[in-house]
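First the proteins, then the strands, lettered A, B, ... as listed; each starts at 1.
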Number of protein chains: 2
Amino acid sequence: MDKKDLQILSAISELGTGSPERIQEKTDIPKSTVHYRITKLQEAGVIEDDLYSIDLSSIGLEITLISEVSAEYEEGYHTEVGDELSQIEGVNKVYFMMGDTDFVVISKLADRNMVEELIADFEEIDGVNRTNSQFVITTVKDTTNPIAAYSSEALTSMVSETE
Amino acid sequence: MDKKDLQILSAISELGTGSPERIQEKTDIPKSTVHYRITKLQEAGVIEDDLYSIDLSSIGLEITLISEVSAEYEEGYHTEVGDELSQIEGVNKVYFMMGDTDFVVISKLADRNMVEELIADFEEIDGVNRTNSQFVITTVKDTTNPIAAYSSEALTSMVSETE
DNA sequence: ATTGAAACTTGATCGTT
DNA sequence: AACGATCAAGTTTCAAT
(Lines give C-alpha, C1' and ligand atoms only; values in the text may rest on other atoms or scores of the structure.)
Protein backbone atom coordinates (compact mmCIF):
# COMPACT_ATOMS: atom_id res chain seq x y z
CA MET A 1 0.00 0.00 0.00
CA ASP A 2 2.08 2.89 -1.27
CA LYS A 3 1.31 6.33 -2.63
CA LYS A 4 0.45 4.99 -6.08
CA ASP A 5 -2.18 2.63 -4.61
CA LEU A 6 -3.71 5.45 -2.62
CA GLN A 7 -3.82 7.71 -5.67
CA ILE A 8 -5.70 4.97 -7.48
CA LEU A 9 -8.12 4.40 -4.57
CA SER A 10 -8.75 8.13 -4.34
CA ALA A 11 -9.41 8.31 -8.06
CA ILE A 12 -11.83 5.36 -7.89
CA SER A 13 -13.69 7.07 -5.05
CA GLU A 14 -13.80 10.44 -6.69
CA LEU A 15 -14.69 9.26 -10.17
CA GLY A 16 -17.03 6.52 -9.06
CA THR A 17 -15.54 4.10 -11.56
CA GLY A 18 -12.65 1.69 -11.84
CA SER A 19 -12.09 2.45 -15.51
CA PRO A 20 -8.31 2.30 -16.16
CA GLU A 21 -8.60 5.00 -18.81
CA ARG A 22 -10.38 7.46 -16.55
CA ILE A 23 -7.93 6.77 -13.73
CA GLN A 24 -5.03 7.36 -16.09
CA GLU A 25 -6.49 10.75 -17.05
CA LYS A 26 -6.82 11.66 -13.36
CA THR A 27 -3.50 10.34 -12.05
CA ASP A 28 -1.17 10.12 -15.07
CA ILE A 29 -0.40 6.55 -14.11
CA PRO A 30 -0.46 4.46 -17.34
CA LYS A 31 -3.64 2.41 -17.69
CA SER A 32 -1.75 -0.87 -17.89
CA THR A 33 -0.11 -0.06 -14.54
CA VAL A 34 -3.47 0.95 -13.12
CA HIS A 35 -4.87 -2.39 -14.22
CA TYR A 36 -1.96 -4.26 -12.65
CA ARG A 37 -2.37 -2.41 -9.34
CA ILE A 38 -6.13 -2.87 -9.19
CA THR A 39 -5.73 -6.62 -9.73
CA LYS A 40 -3.28 -6.71 -6.80
CA LEU A 41 -5.62 -4.66 -4.61
CA GLN A 42 -8.43 -7.08 -5.37
CA GLU A 43 -6.28 -10.08 -4.50
CA ALA A 44 -5.35 -8.39 -1.23
CA GLY A 45 -9.04 -7.80 -0.44
CA VAL A 46 -8.72 -4.02 -0.36
CA ILE A 47 -11.10 -3.67 -3.28
CA GLU A 48 -13.90 -6.03 -2.48
CA ASP A 49 -15.81 -6.72 -5.65
CA ASP A 50 -16.23 -5.88 -9.31
CA LEU A 51 -18.13 -2.70 -8.39
CA TYR A 52 -15.10 -1.29 -6.61
CA SER A 53 -16.34 -0.86 -3.10
CA ILE A 54 -13.31 -0.28 -0.96
CA ASP A 55 -12.63 -1.94 2.36
CA LEU A 56 -12.18 1.10 4.59
CA SER A 57 -10.63 -0.72 7.52
CA SER A 58 -7.81 -1.97 5.31
CA ILE A 59 -6.72 1.63 4.79
CA GLY A 60 -7.24 2.53 8.42
CA LEU A 61 -10.59 4.34 8.36
CA GLU A 62 -12.15 2.26 11.10
CA ILE A 63 -14.14 4.77 13.10
CA THR A 64 -17.54 6.09 12.08
CA LEU A 65 -18.67 9.10 14.07
CA ILE A 66 -22.12 10.64 14.12
CA SER A 67 -22.19 14.17 15.48
CA GLU A 68 -25.05 16.48 16.27
CA VAL A 69 -24.06 20.11 15.92
CA SER A 70 -26.30 23.02 16.85
CA ALA A 71 -25.61 26.63 15.92
CA GLU A 72 -26.89 30.07 16.77
CA TYR A 73 -29.77 31.23 14.70
CA GLU A 74 -28.84 34.37 12.85
CA GLU A 75 -29.38 35.42 9.27
CA GLY A 76 -27.15 33.43 6.94
CA TYR A 77 -25.38 31.59 9.77
CA HIS A 78 -26.82 28.21 8.98
CA THR A 79 -25.66 27.88 5.39
CA GLU A 80 -22.27 29.27 6.39
CA VAL A 81 -21.86 26.83 9.27
CA GLY A 82 -22.99 23.98 7.00
CA ASP A 83 -20.39 24.89 4.40
CA GLU A 84 -17.64 25.04 7.01
CA LEU A 85 -18.64 21.68 8.47
CA SER A 86 -18.62 20.11 5.00
CA GLN A 87 -15.10 21.31 4.32
CA ILE A 88 -13.54 19.60 7.31
CA GLU A 89 -11.37 16.69 6.20
CA GLY A 90 -12.98 13.34 6.92
CA VAL A 91 -16.55 14.64 6.86
CA ASN A 92 -18.77 12.61 4.52
CA LYS A 93 -22.25 13.88 5.09
CA VAL A 94 -23.76 17.01 6.51
CA TYR A 95 -27.51 17.16 6.97
CA PHE A 96 -29.26 20.36 7.99
CA MET A 97 -32.62 20.15 9.74
CA MET A 98 -35.02 22.23 11.77
CA GLY A 99 -35.49 21.51 15.45
CA ASP A 100 -33.27 20.88 18.39
CA THR A 101 -30.34 19.53 16.45
CA ASP A 102 -29.37 21.73 13.52
CA PHE A 103 -26.83 19.52 11.78
CA VAL A 104 -26.08 15.82 11.69
CA VAL A 105 -22.53 15.21 10.54
CA ILE A 106 -21.17 11.79 9.60
CA SER A 107 -17.47 11.17 9.29
CA LYS A 108 -14.98 8.33 8.85
CA LEU A 109 -11.78 8.55 10.88
CA ALA A 110 -8.65 6.54 11.55
CA ASP A 111 -7.97 7.06 15.24
CA ARG A 112 -8.84 8.90 18.46
CA ASN A 113 -6.55 11.80 17.59
CA MET A 114 -8.55 12.47 14.47
CA VAL A 115 -11.74 12.33 16.53
CA GLU A 116 -10.35 14.94 18.93
CA GLU A 117 -9.26 17.14 16.03
CA LEU A 118 -12.63 16.85 14.34
CA ILE A 119 -14.55 17.85 17.44
CA ALA A 120 -12.15 20.72 18.01
CA ASP A 121 -12.74 21.81 14.40
CA PHE A 122 -16.49 21.77 15.00
CA GLU A 123 -16.22 23.96 18.06
CA GLU A 124 -13.88 26.41 16.37
CA ILE A 125 -16.56 27.33 13.84
CA ASP A 126 -18.08 30.71 14.55
CA GLY A 127 -21.70 30.34 15.69
CA VAL A 128 -21.52 26.69 16.81
CA ASN A 129 -22.73 26.39 20.38
CA ARG A 130 -23.25 22.69 21.11
CA THR A 131 -21.85 19.40 19.78
CA ASN A 132 -22.55 15.83 20.74
CA SER A 133 -20.69 12.93 19.12
CA GLN A 134 -21.29 9.20 19.29
CA PHE A 135 -19.25 6.31 17.92
CA VAL A 136 -20.96 3.89 15.57
CA ILE A 137 -20.46 0.32 16.76
CA THR A 138 -21.92 -1.37 13.70
CA THR A 139 -23.23 -0.18 10.38
CA VAL A 140 -26.14 -2.56 9.91
CA LYS A 141 -27.14 -1.29 6.48
CA ASP A 142 -25.40 0.98 4.01
CA THR A 143 -26.82 1.43 0.53
CA THR A 144 -24.98 4.20 -1.24
CA ASN A 145 -27.81 4.84 -3.67
CA PRO A 146 -31.27 5.35 -2.11
CA ILE A 147 -33.03 3.92 -5.15
CA ALA A 148 -31.55 0.53 -4.35
CA ALA A 149 -33.71 0.56 -1.19
CA TYR A 150 -36.77 0.11 -3.41
CA SER A 151 -37.78 -2.55 -5.91
CA SER A 152 -38.56 -1.27 -9.41
CA GLU A 153 -42.17 -2.34 -8.74
CA ALA A 154 -42.35 -0.11 -5.65
CA LEU A 155 -40.87 2.75 -7.68
CA THR A 156 -43.41 2.24 -10.47
CA SER A 157 -46.33 2.52 -8.08
CA MET A 158 -44.79 5.66 -6.56
CA VAL A 159 -43.94 7.58 -9.71
CA SER A 160 -46.72 9.12 -11.77
CA GLU A 161 -46.27 7.72 -15.25
CA THR A 162 -45.35 10.28 -17.87
CA GLU A 163 -46.15 9.05 -21.36
CA MET B 1 -40.78 7.82 -17.07
CA ASP B 2 -42.30 4.37 -17.51
CA LYS B 3 -41.59 0.96 -16.04
CA LYS B 4 -38.68 0.32 -18.38
CA ASP B 5 -36.95 3.52 -17.26
CA LEU B 6 -37.42 2.58 -13.62
CA GLN B 7 -36.06 -0.91 -14.22
CA ILE B 8 -32.98 0.69 -15.73
CA LEU B 9 -32.59 3.19 -12.85
CA SER B 10 -32.97 0.34 -10.35
CA ALA B 11 -30.36 -1.71 -12.17
CA ILE B 12 -27.94 1.23 -12.26
CA SER B 13 -28.38 1.72 -8.51
CA GLU B 14 -28.07 -1.93 -7.66
CA LEU B 15 -25.14 -2.72 -9.92
CA GLY B 16 -23.32 0.55 -9.36
CA THR B 17 -22.61 0.88 -13.06
CA GLY B 18 -24.27 2.24 -16.16
CA SER B 19 -22.81 -0.47 -18.38
CA PRO B 20 -25.47 -1.36 -20.99
CA GLU B 21 -24.30 -4.96 -21.05
CA ARG B 22 -24.64 -5.42 -17.28
CA ILE B 23 -28.04 -3.78 -17.35
CA GLN B 24 -29.13 -6.06 -20.17
CA GLU B 25 -28.12 -9.11 -18.10
CA LYS B 26 -30.12 -7.80 -15.14
CA THR B 27 -33.25 -6.58 -16.95
CA ASP B 28 -33.34 -8.47 -20.29
CA ILE B 29 -33.75 -5.14 -22.06
CA PRO B 30 -31.42 -5.16 -25.12
CA LYS B 31 -28.31 -3.07 -24.57
CA SER B 32 -29.02 -0.85 -27.55
CA THR B 33 -32.39 0.01 -26.03
CA VAL B 34 -30.74 0.56 -22.66
CA HIS B 35 -28.32 2.95 -24.31
CA TYR B 36 -31.15 4.81 -26.01
CA ARG B 37 -33.09 5.15 -22.77
CA ILE B 38 -30.08 6.28 -20.74
CA THR B 39 -29.37 9.00 -23.30
CA LYS B 40 -32.97 10.22 -22.97
CA LEU B 41 -32.76 10.15 -19.17
CA GLN B 42 -29.58 12.22 -19.31
CA GLU B 43 -31.21 14.78 -21.60
CA ALA B 44 -34.14 14.99 -19.20
CA GLY B 45 -31.76 15.60 -16.29
CA VAL B 46 -32.81 12.49 -14.41
CA ILE B 47 -29.34 11.05 -14.68
CA GLU B 48 -27.06 13.91 -13.84
CA ASP B 49 -23.64 13.09 -15.17
CA ASP B 50 -21.45 10.50 -16.76
CA LEU B 51 -21.03 8.73 -13.43
CA TYR B 52 -24.72 7.97 -13.23
CA SER B 53 -25.76 9.76 -10.10
CA ILE B 54 -29.51 9.91 -10.17
CA ASP B 55 -31.61 12.98 -9.40
CA LEU B 56 -33.85 11.59 -6.66
CA SER B 57 -36.41 14.41 -6.72
CA SER B 58 -37.15 13.73 -10.39
CA ILE B 59 -38.44 10.29 -9.43
CA GLY B 60 -40.28 11.62 -6.39
CA LEU B 61 -37.93 10.73 -3.52
CA GLU B 62 -37.82 14.22 -2.09
CA ILE B 63 -37.87 13.62 1.66
CA THR B 64 -34.83 12.65 3.70
CA LEU B 65 -35.67 11.52 7.21
CA ILE B 66 -33.25 10.95 10.05
CA SER B 67 -34.67 8.83 12.86
CA GLU B 68 -33.30 7.94 16.25
CA VAL B 69 -34.59 4.61 17.46
CA SER B 70 -33.93 3.18 20.89
CA ALA B 71 -34.65 -0.41 21.90
CA GLU B 72 -34.82 -2.48 25.05
CA TYR B 73 -31.56 -4.01 26.06
CA GLU B 74 -31.90 -7.75 26.16
CA GLU B 75 -29.61 -10.45 24.85
CA GLY B 76 -29.66 -10.53 21.06
CA TYR B 77 -32.32 -7.84 20.76
CA HIS B 78 -30.07 -5.23 19.26
CA THR B 79 -28.88 -7.17 16.24
CA GLU B 80 -32.41 -8.40 15.63
CA VAL B 81 -33.90 -4.90 15.81
CA GLY B 82 -31.14 -3.63 13.52
CA ASP B 83 -31.92 -6.30 10.94
CA GLU B 84 -35.61 -5.51 11.03
CA LEU B 85 -34.97 -1.80 10.64
CA SER B 86 -32.70 -2.43 7.66
CA GLN B 87 -35.35 -4.45 5.86
CA ILE B 88 -37.97 -1.71 5.85
CA GLU B 89 -38.48 -0.37 2.35
CA GLY B 90 -36.95 3.07 1.90
CA VAL B 91 -34.32 2.64 4.62
CA ASN B 92 -30.82 3.43 3.37
CA LYS B 93 -28.63 3.41 6.40
CA VAL B 94 -28.84 1.90 9.84
CA TYR B 95 -26.14 2.77 12.35
CA PHE B 96 -25.97 1.07 15.75
CA MET B 97 -24.26 2.86 18.60
CA MET B 98 -23.92 2.71 22.36
CA GLY B 99 -25.50 5.41 24.46
CA ASP B 100 -28.81 7.14 24.65
CA THR B 101 -29.78 6.60 21.04
CA ASP B 102 -29.32 3.00 19.91
CA PHE B 103 -29.92 3.36 16.18
CA VAL B 104 -29.73 6.18 13.69
CA VAL B 105 -31.78 5.36 10.60
CA ILE B 106 -31.64 7.36 7.38
CA SER B 107 -34.32 6.98 4.72
CA LYS B 108 -35.48 8.57 1.47
CA LEU B 109 -39.24 8.88 1.00
CA ALA B 110 -41.71 10.29 -1.50
CA ASP B 111 -44.48 11.76 0.65
CA ARG B 112 -45.98 12.19 4.14
CA ASN B 113 -47.89 8.92 3.87
CA MET B 114 -44.65 7.05 3.50
CA VAL B 115 -43.25 8.90 6.51
CA GLU B 116 -46.24 7.81 8.60
CA GLU B 117 -45.88 4.23 7.37
CA LEU B 118 -42.17 4.20 8.12
CA ILE B 119 -42.59 5.46 11.68
CA ALA B 120 -45.41 2.96 12.22
CA ASP B 121 -43.10 0.22 10.95
CA PHE B 122 -40.43 1.29 13.44
CA GLU B 123 -42.83 1.14 16.35
CA GLU B 124 -44.21 -2.22 15.34
CA ILE B 125 -40.82 -3.84 15.82
CA ASP B 126 -40.67 -5.91 18.98
CA GLY B 127 -38.36 -4.29 21.54
CA VAL B 128 -38.44 -0.74 20.12
CA ASN B 129 -39.42 1.71 22.82
CA ARG B 130 -38.71 5.21 21.55
CA THR B 131 -38.43 6.87 18.14
CA ASN B 132 -37.70 10.45 17.18
CA SER B 133 -37.72 11.55 13.54
CA GLN B 134 -36.59 14.80 11.93
CA PHE B 135 -36.87 15.99 8.34
CA VAL B 136 -33.70 17.01 6.57
CA ILE B 137 -34.08 20.47 5.05
CA THR B 138 -30.84 20.45 3.08
CA THR B 139 -28.13 17.92 2.48
CA VAL B 140 -25.09 20.17 2.54
CA LYS B 141 -22.61 17.45 1.74
CA ASP B 142 -23.02 13.90 0.48
CA THR B 143 -19.99 11.90 -0.60
CA THR B 144 -20.95 8.31 -1.20
CA ASN B 145 -17.44 7.03 -0.71
CA PRO B 146 -15.68 8.12 2.51
CA ILE B 147 -12.26 8.00 0.85
CA ALA B 148 -13.28 10.91 -1.35
CA ALA B 149 -13.35 13.04 1.82
CA TYR B 150 -9.55 12.81 1.97
CA SER B 151 -6.82 13.84 -0.44
CA SER B 152 -4.44 11.06 -1.48
CA GLU B 153 -1.76 13.02 0.41
CA ALA B 154 -3.79 12.89 3.63
CA LEU B 155 -4.33 9.16 3.11
CA THR B 156 -0.63 8.60 2.55
CA SER B 157 0.29 10.24 5.86
CA MET B 158 -2.41 8.19 7.62
CA VAL B 159 -1.63 4.74 6.26
CA SER B 160 1.47 2.91 7.43
CA GLU B 161 3.39 2.07 4.29
CA THR B 162 3.67 -1.63 3.54
CA GLU B 163 6.55 -2.34 1.20
C1' DA C 1 6.87 -3.67 -10.92
C1' DT C 2 6.34 -0.83 -15.04
C1' DT C 3 4.78 0.30 -19.48
C1' DG C 4 3.99 0.63 -24.82
C1' DA C 5 1.82 -1.85 -28.08
C1' DA C 6 -1.12 -5.83 -29.66
C1' DA C 7 -5.27 -8.51 -28.96
C1' DC C 8 -9.63 -8.68 -27.49
C1' DT C 9 -14.05 -7.31 -25.27
C1' DT C 10 -17.48 -3.99 -24.62
C1' DG C 11 -19.93 0.25 -25.39
C1' DA C 12 -21.83 3.41 -28.93
C1' DT C 13 -23.86 4.03 -33.40
C1' DC C 14 -26.61 3.03 -37.45
C1' DG C 15 -30.25 1.41 -40.27
C1' DT C 16 -34.45 -1.19 -40.48
C1' DT C 17 -38.85 -2.20 -38.53
C1' DA D 1 -39.33 3.62 -29.82
C1' DA D 2 -37.13 -0.90 -30.32
C1' DC D 3 -33.32 -3.67 -31.50
C1' DG D 4 -29.94 -6.68 -34.49
C1' DA D 5 -25.88 -5.77 -36.89
C1' DT D 6 -21.85 -2.93 -37.32
C1' DC D 7 -18.21 0.19 -35.89
C1' DA D 8 -15.48 2.63 -32.46
C1' DA D 9 -13.65 2.73 -27.98
C1' DG D 10 -12.22 0.81 -24.09
C1' DT D 11 -10.07 -2.99 -21.31
C1' DT D 12 -6.94 -6.78 -20.81
C1' DT D 13 -2.91 -9.19 -22.02
C1' DC D 14 1.84 -9.64 -23.33
C1' DA D 15 6.68 -9.03 -23.97
C1' DA D 16 10.58 -6.10 -22.98
C1' DT D 17 12.67 -3.42 -19.47
Side-chain angles (χ1 to χ4, degrees), chain A residues 1-55 58-59 144-145 147-148 152-153 155-156 159-163, chain B residues 1-55 58-59 145 147-148 152-153 155-157 159-163:
Chain A
M1 182 70 62
D2 60 3
K3 177 155 193 179
K4 212 171 268 186
D5 283 326
L6 292 166
Q7 278 181 280
I8 291 166
L9 292 175
S10 278
I12 289 173
S13 299
E14 217 173 311
L15 298 171
T17 175
S19 157
E21 187 132 317
R22 302 285 300 279
I23 295 168
Q24 172 170 1
E25 286 165 21
K26 188 98 197 158
T27 61
D28 286 322
I29 301 167
K31 60 183 179 177
S32 51
T33 305
V34 170
H35 178 78
Y36 174 82
R37 290 291 190 126
I38 287 178
T39 307
K40 287 285 178 192
L41 287 166
Q42 284 173 321
E43 285 168 5
V46 176
I47 294 172
E48 282 173 335
D49 56 26
D50 42 328
L51 303 172
Y52 301 103
S53 73
I54 294 159
D55 176 31
S58 73
I59 63 159
T144 44
N145 193 327
I147 295 182
S152 63
E153 285 71 28
L155 290 171
T156 306
V159 173
S160 55
E161 297 224 3
T162 320
E163 305 284 316
Chain B
M1 181 70 63
D2 60 3
K3 178 157 191 175
K4 212 171 267 184
D5 283 325
L6 291 165
Q7 278 181 281
I8 291 167
L9 292 175
S10 278
I12 289 173
S13 299
E14 216 172 313
L15 297 171
T17 176
S19 157
E21 186 133 318
R22 301 285 300 279
I23 294 169
Q24 171 169 3
E25 287 165 22
K26 189 99 198 158
T27 62
D28 286 322
I29 302 167
K31 63 178 180 174
S32 48
T33 305
V34 169
H35 180 77
Y36 174 81
R37 291 290 191 128
I38 287 178
T39 306
K40 287 284 179 193
L41 287 166
Q42 283 174 321
E43 284 169 4
V46 175
I47 294 172
E48 282 172 334
D49 57 27
D50 43 326
L51 302 172
Y52 301 105
S53 73
I54 294 159
D55 175 31
S58 72
I59 63 160
N145 193 326
I147 295 179
S152 64
E153 285 70 29
L155 290 170
T156 306
S157 70
V159 173
S160 55
E161 299 224 4
T162 321
E163 307 284 317

**Report entry** Positions of residues 6-16 of chain A (non-hydrogen atom under 4.0 Å from DNA chain C), listed by number
**Finding:**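 When residues 6-16 of chain A is checked for heavy atoms under 4.0 Å from DNA chain C, there are no hits whatsoever.
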Requested in this report: Produce a footprint string for nucleotides 9-16 of chain C: one letter per nucleotide, 5' end first; B if the base is under 4.0 Å from any protein heavy atom, S if only the sugar-phosphate is, - if neither.
Outcome: -SBBB---
Atom-pair distance ([atom1] on [X]; [atom2] on [N]), nearest Å:
| X | N | atom1 | atom2 | answer |
| --- | --- | --- | --- | --- |
| B/Asp28 | D/dC3 | CG | P | 11 Å |
| A/Arg37 | D/dT13 | CZ | C1' | 18 Å |
| A/Gln24 | D/dT12 | CD | C1' | 14 Å |

Query - Angle of first-five versus last-five pair axes in the helix from C/dA1-D/dT17 to C/dT17-D/dA1, to 10 degrees - result: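 Answer for the end axes of this duplex: 20°.
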For the atom pair [atom1] ([X]) and [atom2] ([Y]), what is the distance rounded to the nearest 0.5 Å?
| X | Y | atom1 | atom2 | value |
| --- | --- | --- | --- | --- |
| B/Ile147 | A/Ser10 | CD1 | OG | 7.0 Å |
| A/Lys4 | B/Ser152 | NZ | OG | 13.0 Å |
| B/Leu15 | A/Asn145 | CG | CG | 11.0 Å |
| A/Ser13 | A/Leu9 | OG | CG | 6.5 Å |
| B/Thr39 | B/Arg37 | OG1 | CZ | 11.5 Å |
| A/Gln7 | A/Lys3 | CD | NZ | 6.0 Å |

Query - Side chains of B/Ile38 and B/Ile47 in contact at under 4.5 Å (non-hydrogen atoms) - result: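 A side-chain contact exists here, since the closest heavy-atom pair is under 4.5 Å.
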**Report entry** A/Thr17 side chain near B/Thr17 side chain, heavy-atom distance below 4.5 Å
**Finding:**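 A/Thr17 vs B/Thr17: side chains apart.
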Counting only N and O atoms by type, is there a donor-acceptor contact under 3.5 Å from the side chain of [X] to the main-chain atoms of [Y]?
| X | Y | value |
| --- | --- | --- |
| A/Thr33 | A/Ile29 | no |
| A/Thr27 | A/Ile23 | yes |
| A/Asp2 | A/Asp5 | yes |

Distances for protein N/O vs nucleotides 15-17 of chain D N/O pairs under 3.5 angstrom?
none

**Report entry** Pair listing, salt bridge (charged side-chain N to carboxylate O under 4.0 Å, His left out) test, anchored in residues 10-20 of chain B, at least two apart
**Finding:**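 Applying salt bridge (charged side-chain N to carboxylate O under 4.0 Å, His left out) to every pair that reaches into residues 10-20 of chain B, excluding sequence neighbours, yields B/Glu14-B/Lys26.
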Requested in this report: Output all residues satisfying salt bridge (charged side-chain N to carboxylate O under 4.0 Å, His left out) with A/Glu25, sequence neighbours left out; order by chain, then residue number.
Outcome: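 Listed in chain order: nothing, the list is empty.
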Report task. Look at the side-chain N and O atoms of A/Lys4 and state whether any lies under 4.0 Å from the OP1 or OP2 oxygen of C/dA1. Result ->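 For C/dA1, neither OP1 nor OP2 has a side-chain N or O of A/Lys4 closer than 4.0 Å.
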